[in-house]
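As a basis for the values below, the full set of heavy atoms in this structure was taken, side chains included, without hydrogen atoms, waters or symmetry mates. Atoms within a ligand are numbered from 1 in the order they appear, just like the ligands themselves.
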Amino acid sequence: MLEALRLDGRVAVVTGASRGLGRAMALALAESGADVALASRSKPDLEETAHQVERLGRRAVVIPTDVRVFAEMETLVGQTRQLLGRLDILVSSSGVAQVAPLAEMRPEEWLRILDTNLTGVFNGCRAVARHFLAARSGKVVNIASVLGAVGLPGYAAYAASKGGVIAFTKALAVEWARYNVQVNAIAPGWFVTDMNAEAFADEKIRERLLRDVPLRRTGRVEEIGPLVVYLASPASDFMTGQTIFLDGGHSAA
Ligand SMILES: NC(=O)c1ccc[n+]([C@@H]2O[C@H](COP(=O)([O-])OP(=O)(O)OC[C@H]3O[C@@H](n4cnc5c(N)ncnc54)[C@H](OP(=O)(O)O)[C@@H]3O)[C@@H](O)[C@H]2O)c1
């Protein structure tokens, strides 16, 4: 049964692989046997992830990419296929958050969040489309958020982008089912990463945020690994269009 979770011989692109959840997912995929193309804007941080992948015995290539720019995503996909020989899995983890009351949010901020979190996911799927559909196989894992399903003051733009990812994932799954391409999403709850470390360092804010989480703790980044491996592997071939909430029960409360 565990054989179905192996990714030997597969190649994955992971965006947002320079740190946080993206790096953790790149390492989990490598541990399961995949070679990985690592993308985000920061080359030195991607190189650190690449070293860690190589220590696991897998190949890694570093391809600095801004997910907001479709041409860069096309280059990422093309170079991955050229350098690693194929492409089977796309994990879109690049994302940004900006906490601000909507009444004070600048329209440019709204656009930056939507561009990165939602258009970035579109750009990734659009860039792999031709290859996955022709191959009649492929796995897409989009990273949404629990805040795409439940409200929190200050997060309206972020929530809109992540709710968009959940809806996009469903619609694309139905569209690509006939090509045997599975499209799913992971909606993380709170994991302490660079995105929110400052907030979690403040005891009052930490307590307020964890009040929404039945398990009363944040996730550990390595806890996302088994789920992304499952969604990237043949073990999940009958699952598509789903958003799995990895959130300590936040969305259930
Ligand atoms: N941490 C949480 O509690 C939490 C909860 C729910 C959902 N999420 C989601 O999980 C994903 C990963 O977040 P994280 O917690 O790992 O945050 P993080 O540590 O801040 O990582 C964000 C990643 O996105 C990349 N990125 C940002 N803008 C980009 C752009 N324009 N082009 C390419 N890459 C870009 C960053 O790399 P560069 O700066 O090098 O470009 C970095 O690798 C995000 O989609 C986030 O919304 C996180």
Quick check: [X] and ligand 1, any N/O pair under 3.5 Å apart?
X    : result
R41  : yes
V146 : no
I143 : no

Can you check whether G33's main-chain N or O pairs, donor with acceptor, with R58's side chain at less than 3.5 Å?
-> yes

Donor-acceptor pair, N184 side chain versus V141 backbone, under 3.5 Å?
-> no

R126 CZ: over 12 foreign heavy atoms closer than 6.0 Å = no

Which ligand 1 atoms does Y158 reach within 4.0 Å, using its non-hydrogen atoms?
-> 6 (C), 7 (C), 8 (N), 9 (C), 46 (C), 47 (O)

Numbering the atoms of ligand 1 from 1, which are under 4.0 Å from a heavy atom of S18?
-> 36 (C), 37 (O), 38 (P), 40 (O), 42 (C), 43 (O)

Please state which part of [X] comes within less than 4.0 Å of ligand 1, counting heavy atoms only: side chain, backbone, both or neither.
X    : result
D66  : both
A144 : backbone
N196 : side chain
R23  : neither
V96  : side chain
L21  : both

Does S251 have any side chain to side chain donor-acceptor pair (under 3.5 Å) partners at least two apart in sequence or in another chain, and if so, which?
-> D247

So do V140 and Q182 actually touch side chain to side chain, heavy atoms under 4.5 Å?
-> no

Stepwise side chain to side chain donor-acceptor pair (under 3.5 Å) test for S236 and K139 | CA-CA 9 Å; S236 61; K139 295 278 188 181; 3.1 Å; yes

Using residues 152-167 as the side-chain source, report each donor-acceptor pair under 3.5 Å to any protein atom, sequence neighbours left out, with the distance given to one decimal.
from, atom 1, to, atom 2, distance (Å)
S161, OG, N117, ND2, 3.2
S161, OG, Y158, O, 2.6
K162, NZ, I143, O, 3.0

